[in-house]
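Comments concern the structure below.
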Amino acid sequence: KIKQQKQQLSILEQTIQKKSVEQQNIALVLKGKDKIMHKLHEMTEKTKKYQYTHSGNLIFSHTGAILVKDAINRGVDVRFLVKYYPSRKKIYQQWQTIGVKIRFYAKEEQKSIRFSTFDDKVCRITIGNPQITQEEDYLSFWIESPALSILLKDQFLQIWKKSKERPIIL
């Protein structure tokens with residue numbers, strides 16, 4: 001009986017330690033496009049007010065589209081800022097069809113950094129091509145910080161105001 005109680009006590013201690021670590025998890029670094037997309041999908045499901053994404057080469061995934069459409073149906077304001085590539089016109093149209101607001105920016109130096117901000121709580125900063133060419137090596141920093149999330153939201157909205165609803169062709 002004492003052995004059984006010690007085992008139960010050990011399990012309880014492990015559970016408490018795990019929960020303590022989970023509650024302190026305010027930053028996460030992900031490596032690889034697949035992991036980054038999975039986390040993005042997870043956040044889309046949790047978003048309640050807004051999801052603003054400053055993207056590089058926008059892609060369309062059916063899983064992401066379903067989650068984004070559900071978010072929009074819940075009243076979430078979803079916006080993408082992207083650099084225009086004529087070869088991706090169909091992708092822009094697919095996202096707009098489900099209700100995403102898209103604007104285009106011209107600044108070439110913004111092409112490689114990507115960021116998103118969610119509900120004034122969580123944000124991500126992702127580094128990919130051209131600095132990191134292999135998708136499995138992309139890096140994404142996810143941070144639970146109202147201050148940083150709001151700062152990135154403000155940055156996004158400043159770029160949004162200067163961007164165009166129609167593609168900018170250089």
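Bear in mind the structure is a predicted one, so any value in this text is a computation, not a measurement.
A single hydrophobic cluster is not seen to contain both I150 and I26; linkage of ILVMFWY side chains at heavy-atom distances under 4.5 Å, directly or through other members, places them apart. Taken together through direct or relayed side-chain contacts under 4.5 Å among Ile, Leu, Val, Met, Phe, Trp and Tyr, I66 and I98 form parts of separate hydrophobic clusters. I91 and L67 fall into different hydrophobic clusters, where Ile, Leu, Val, Met, Phe, Trp and Tyr side chains are chained together by heavy-atom contacts under 4.5 Å. A single hydrophobic cluster is seen to contain both L157 and I125, as judged by linkage of ILVMFWY side chains at heavy-atom distances under 4.5 Å, directly or through other members.
Interatomic distance, CE of M43 versus OG of S116, reported as 9.5 Å (0.5 Å rounding). The line from CZ of R74 to OG1 of T44 is 8.5 Å long, rounded to the nearest 0.5 Å.
Relative to the six-membered ring of Y85, K83 meets both conditions, a distance below 6.0 Å and an angle of at most 45° to the axis.
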Step by step, work out the salt bridge (charged side-chain N to carboxylate O under 4.0 Å, His left out) result for K46 and D119. CA-CA 10 Å; K46 295 177 182 178; D119 292 345; over 6 Å; no
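Judged by distance alone, the side chain of S149 and the main-chain N or O of V122 form a donor-acceptor pair under 3.5 Å. Using a distance-only test at 3.5 Å, with no hydrogens or angles considered, no donor-acceptor pair links the side chain of R103 to the main chain of I159.
Taking every heavy atom of both residues into account, Q51 and V76 meet most closely at N-CG1, 4.0 Å. Contact record, L139 with I36: C-CD1, 4.2 Å, taken as the closest heavy-atom pair. Closest approach of I59 and M37 over heavy atoms only: CD1-CE, 4.2 Å. Of all the heavy atoms in I102 and F104, the pair that sits closest is CG2-CZ, 3.9 Å. Residues W160 and F80 approach most closely at CZ3-O, 3.6 Å, considering heavy atoms. The two residues R114 and I127 make their nearest non-hydrogen contact at NH1-C, 4.2 Å.
Aromatic ring orientation, F115 versus F156: perpendicular (interplanar angle above 60°, classes split at 30° and 60°). Using cut-offs of 30° and 60° on the angle between ring planes, the pair Y105 and H54 is parallel.
Inter-residue side-chain proximity for R124 and L40 is flagged as met; some heavy-atom pair is nearer than 4.5 Å. Contact of the Y50 side chain with the T117 side chain is registered, since non-hydrogen atoms from C-beta on lie closer than 4.5 Å. Contact annotation: the side chain of H38 never approaches that of D34 to less than 4.5 Å [non-hydrogen atoms, C-beta and beyond]. Contact of the V68 side chain with the W95 side chain is registered, since non-hydrogen atoms from C-beta on lie closer than 4.5 Å.
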